[in-house]
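Have a look at the structure below, then the notes.
In what follows, residues are counted from 1 in the order of the sequence shown.
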Amino acid sequence: QVQLVESGGGLVQAGGSLRLSCAASGRTFSSQAMGWFRQAPGKEREFVAAISASGGSTVYAESVKGRFTISRDSAKNTGYLQMNSLKPEDTAVYYCAARTSIVVHTTLQEYPYWGQGTQVTVSS
């Protein structure tokens, strides 16, 4: 089992920045691939970014490419999502997810472990 706890969400003006954190406990964090997903009101949960267990591979959704950066610190058992140049359409609940794997995974169904989510609201 892996337990995930997100933090760092909040209210920010358009153009601003936030950094989300995902603290992991349970299984060895260094063996876990991680992903970030988001769900806006009335919409399905969608992929945002993913990173391999080693941190050597990353993938981004087109909508956030160039603005968001996913990273991890295995010494702290924590993953991060740095979000810059935020837009109102980035408003959503953001979830981190994990699975035991060495490669990157980009679909919801591939992740068995999920955090509870953190709200990000971007005002115009």
Would you sort out whether Ser21 and Glu6 count as a side chain to side chain donor-acceptor pair (under 3.5 Å), showing the intermediate values?
-> CA-CA 5 Å; Ser21 298; Glu6 301 97 334; over 6 Å; no

Using atom types as modelled and distance alone, determine if a side-chain donor or acceptor of [X] lies under 3.5 Å from a backbone N or O of [Y].
X      : Y      : result
Thr69  : Gln82  : no
Arg72  : Ala33  : no
Arg99  : Glu110 : yes
Ser101 : Val103 : yes

Aromatic ring pairing Tyr94/Phe68, orientation class (parallel under 30°, perpendicular over 60°, tilted between) = tilted

Indicate the ring-plane relationship of Phe37 and Trp114, choosing parallel, tilted or perpendicular according to the 30° and 60° boundaries.
-> tilted

Between atom [atom1] of [X] and atom [atom2] of [Y], what is the distance when rounded to the nearest 0.5 Å?
X      : Y      : atom1 : atom2 : value
Gln119 : Thr91  : CD    : OG1   : 7.5 Å
Leu108 : Tyr95  : CG    : OH    : 10.5 Å
Arg38  : Glu89  : CZ    : CD    : 8.0 Å
Ser71  : Arg19  : OG    : CZ    : 7.0 Å
Gln32  : Tyr111 : CD    : OH    : 10.0 Å
Lys65  : Thr58  : NZ    : OG1   : 9.5 Å

Tell me, yes or no, whether the heavy-atom count around Ile102 atom CD1, taken from other residues, nucleotides or ligands under 6.0 Å, exceeds 12.
-> no

Look at atom CD of Gln116 and say whether more than 12 heavy atoms of other residues, nucleotides or ligands are closer to it than 6.0 Å.
-> yes

Heavy-atom closest pair, residues [X] and [Y]:
X     : Y     : result
Ala24 : Val2  : CB-CG1, 4.5 Å
Pro88 : Ala14 : CD-CB, 4.1 Å
Asn77 : Phe29 : OD1-CB, 3.3 Å

Heavy-atom check, side chain of [X] versus side chain of [Y], under 4.5 Å:
X     : Y     : result
Met83 : Asp90 : no
Tyr60 : Arg67 : no
Gln13 : Leu86 : no

Determine whether Leu20 and Val64 fall in the same hydrophobic cluster, where Ile, Leu, Val, Met, Phe, Trp and Tyr are linked whenever their side-chain heavy atoms lie under 4.5 Å apart.
-> yes

